[in-house]
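Quick note on labels: first sequence line is chain A, next is B, and so on, each numbered from 1. Nothing here was measured: the structure is a model prediction, and the numbers come from that model.
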There are 2 protein chains.
Amino acid sequence: MAGTASPEAAPETVRPREDRGASQSVRAQLALRELLLSGEIAPGARLSELAIVERIGVSRTPVRAALTLLAEEGLVEPIPSGGFAARAFSEQDVRDSIELRGTLEGLAVRLAAERGISALAARTLQDLLARLDEVVAGPLAGPDAFERYIALNAEWHREITGLAGSRVVERQIERVMALPFASPSAFVMAQAQTGEARRILTLAQDQHHAVVEAILQREGARAEALMREHSRLASRNLANAARSRQAMAQVPGGALIRLRPV
Amino acid sequence: MAGTASPEAAPETVRPREDRGASQSVRAQLALRELLLSGEIAPGARLSELAIVERIGVSRTPVRAALTLLAEEGLVEPIPSGGFAARAFSEQDVRDSIELRGTLEGLAVRLAAERGISALAARTLQDLLARLDEVVAGPLAGPDAFERYIALNAEWHREITGLAGSRVVERQIERVMALPFASPSAFVMAQAQTGEARRILTLAQDQHHAVVEAILQREGARAEALMREHSRLASRNLANAARSRQAMAQVPGGALIRLRPV
DNA sequence: CAGCGCATTGATGTATACATGACATCGGAA
DNA sequence: TTCCGATGTCATGTATACATCAATGCGCTG
């Protein structure tokens with residue numbers, strides 16, 4: 001779906017792998033997001049379309065589309081006089097985002113509990129829990145175990161999100177998690193180095209179990225409360241990680257967070 | 001900031017007043033939204049860019065931008081093969097949207113209560129309450145009183161939304177309310193004709209008072225619970241309105257709602 | 001007569017040309 | 001020397017031209 005006016009073979013911009021088949025707009029969006037999250041484009045900096053064009057290697061139109069979408073996501077904000085600037089986040093913003101996720105996930109599990117879930121969904125959840133149990137119980141040496149935990153954890157949360165059977169709720173949760181530091185596993189890696197890692201993973205996993213149990217027992221309020229509390233684990237991890245620059249470097253989008261509020 | 005290649009004076013498309021100073025993109029977005037909400041473009045229908053161009057009188061670029069934004073808002077959904085289609089909503093979708101709003105507004109007031117609000121904000125809220133009191137106590141003949149209620153109610157909810165002092169939360173609430181039937185006053189007009197009108201407005205207004213009191217007393221949990229319950233008034237009104245086609249015509253975006261699920 | 005394949009049509013995605021507004025720099029006057 | 005204004009440059013917003021892809025209809029074949 002493309003109208004390459006074929007500008008004599010793109011000027012050798014790096015193509016991060018999955019870009020292959022994607023449309024130029026998607027390519028631009030991924031590339032720009034990457035530049036923002038890594039901090040290569042500093043928070044607060046104005047984003048000139050032409051500068052991005054040169055950096056990404058696609059024309060202005062898809063760049064523009066990408067900027068619009070990223071503005072919707074909140075990673076970029078429109079400047080009154082036109083154009084966009086990379087957005088900076090305060091520690092408070094991050095806390096609020098986490099609280100927001102907790103609240104919305106809480107809503108999702110409450111609705112799931114009240115409305116009931118399918119046997120298939122129940123099995124999927126149990127299965128994920130079992131696999132998470134293995135990781136948490138196993139050796140936590142090296143980043144492998146943590147990466148596996150993050151993957152499974154993300155899957156569990158995605159499953160939970162869809163459980164209410166509500167497109168509207170699901171969409172909304174996706175929107176919150178567009179901010180990378182709001183994602184459920186955002187601070188796992190930051191905690192990996194500390195001695196607390198196993199303790200925190202144990203707590204989190206126990207909450208996972210409790211939430212599933214509450215949903216199956218149709219205890220909506222309990223499921224909701226648990227899910228909220230679960231998200232606060234991330235807030236606690238944020239508080240710890242915020243003390244060290246090195247830890248924040250492990251957090252996705254950590255470069256966007258201004259620790260000492262400007 | 002515009003590059004009108006000056007196509008010899010636009011072909012006499014209607015300009016709905018506020019369009020005057022706005023950019024073409026904004027103009028397109030407003031016009032398209034209007035077409036969608038009024039049902040002039042039927043839910044499910046595919047939106048051809050060129051057709052819209054002819055209808056609105058702006059070129060493809062701003063139309064495209066408008067479509068992208070409306071897709072983010074959820075009024076329009078992307079078609080896998082490209083392009084967009086007007087989205088249809090089920091009664092369940094509407095209920096979920098209202099529940100979502102209640103949950104998020106609940107979060108906002110809880111945070112407001114926990115963090116405390118400024119004296120100025122408190123005064124503003126009290127002032128709005130007093131003016132709402134007048135309307136509710138006064139004669140409810142004709143649409144004037146209801147329109148006044150809707151305006152004040154919208155303002156009260158907007159104020160509440162900002163009370164937490166959290167950009168993140170505020171943004172998210174705005175997103176939910178992009179769906180017009182999720183707005184706080186969506187079903188007021190539909191209830192205006194029925195004899196229930198005064199009773200329901202009285203209940204709603206009492207909840208407004210209670211919420212403000214809870215916030216001032218720093219009773220976060222109470223404020224949250226009240227705010228949620230407040231939104232359920234809208235759900236009830238939906239249930240009533242859904243019985244009559246005429247009532248649904250009074251609801252903003254009512255044309256998008258497929259009553260008997262497809 | 002039905003089913004499959006191909007061509008044609010129309011749309012979207014992309015690139016670029018152009019006009020307008022914003023911002024910075026430079027010059028002049030007080 | 002400082003402040004104000006004018007001018008020039010640059011970037012954005014918009015319009016349009018072009019290339020590619022999906023869908024549809026027709027013709028051919030079994």
(message) Is there a side-chain contact between A/Ser81 and the phosphate of C/dG21, meaning an N or O under 4.0 Å from OP1 or OP2?
(response)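 So the side chain of A/Ser81 is outside the cut-off, no N or O lying under 4.0 Å from OP1 or OP2 of C/dG21.
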(request) Look at A/Ser25 and C/dT14 and indicate whether a side-chain polar atom (N or O) is within less than 4.0 Å of OP1 or OP2. (result) yes
Rounded to whole angstrom units, what separation is found between the [atom1] atom of [X] and the [atom2] atom of [N]?
{"X": "B/Ile79", "N": "C/dT12", "atom1": "CD1", "atom2": "C1'", "value": "11 Å"}
{"X": "A/Phe84", "N": "D/dG13", "atom1": "CZ", "atom2": "P", "value": "7 Å"}
{"X": "B/Glu49", "N": "C/dA11", "atom1": "CD", "atom2": "P", "value": "10 Å"}
{"X": "A/Leu50", "N": "D/dG13", "atom1": "CG", "atom2": "P", "value": "12 Å"}
{"X": "A/Arg60", "N": "C/dA17", "atom1": "CZ", "atom2": "P", "value": "12 Å"}
{"X": "A/Ile56", "N": "C/dT14", "atom1": "CD1", "atom2": "P", "value": "14 Å"}
{"X": "B/Arg64", "N": "C/dT12", "atom1": "CZ", "atom2": "C1'", "value": "6 Å"}
{"X": "B/Gln24", "N": "C/dC18", "atom1": "CD", "atom2": "P", "value": "19 Å"}

(message) For a quick check of understanding: with a heavy-atom distance under 4.0 Å over all strands, which category does B/Leu47 fall into, base, sugar-phosphate or nothing?
(response)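 Contact class for B/Leu47: sugar-phosphate only.
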(request) Looking at every strand, decide which applies to B/Thr61 at a 4.0 Å heavy-atom threshold: base, sugar-phosphate, or nothing. (result)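 Contact class for B/Thr61: base.
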(request) Just jot down the side-chain hydrogen bond (donor to acceptor under 3.5 Å, both in side chains) partners of B/Glu170, sequence neighbours excluded, or say none. (result) none
(message) Looking only at the side chain of B/Val58 (C-beta and beyond, no hydrogens), which of the listed nucleotides D/dT12, D/dA15, D/dT14 gets closest?
(response)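 When the side chain of B/Val58 is considered, D/dA15 is the closest of D/dT12, D/dA15, D/dT14.
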For residues 241-251 of chain B, run the donor-acceptor check on the side chains, cut-off 3.5 Å, and write out each pair with its distance to 0.1 Å, sequence neighbours left out.
residue, atom, partner, partner atom, Å
B/Ser244, OG, B/Gln246, N, 3.3
B/Ser244, OG, B/Ala247, N, 2.7

(message) For the backbone of A/Val58 and the side chain of A/Arg27, can you confirm whether one donor and one acceptor N or O come within less than 3.5 Å of each other?
(response)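 No, the answer is negative, given that no donor and acceptor are paired below the 3.5 Å cut-off.
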(message) Keeping A/Arg175 on the side-chain end and A/Glu72 on the backbone end, is there a donor-acceptor pair under 3.5 Å?
(response) yes
(message) Heavy-atom nearest nucleotide on DNA chain C for B/Arg46 versus A/Ser59: which residue maps closer to 5'?
(response) B/Arg46
(message) Quick check on side chain to side chain contact (heavy atoms under 4.5 Å, CB included): which of A/Leu47, A/Val76, A/Leu256 does A/Ile41 satisfy it with?
(response) A/Leu47
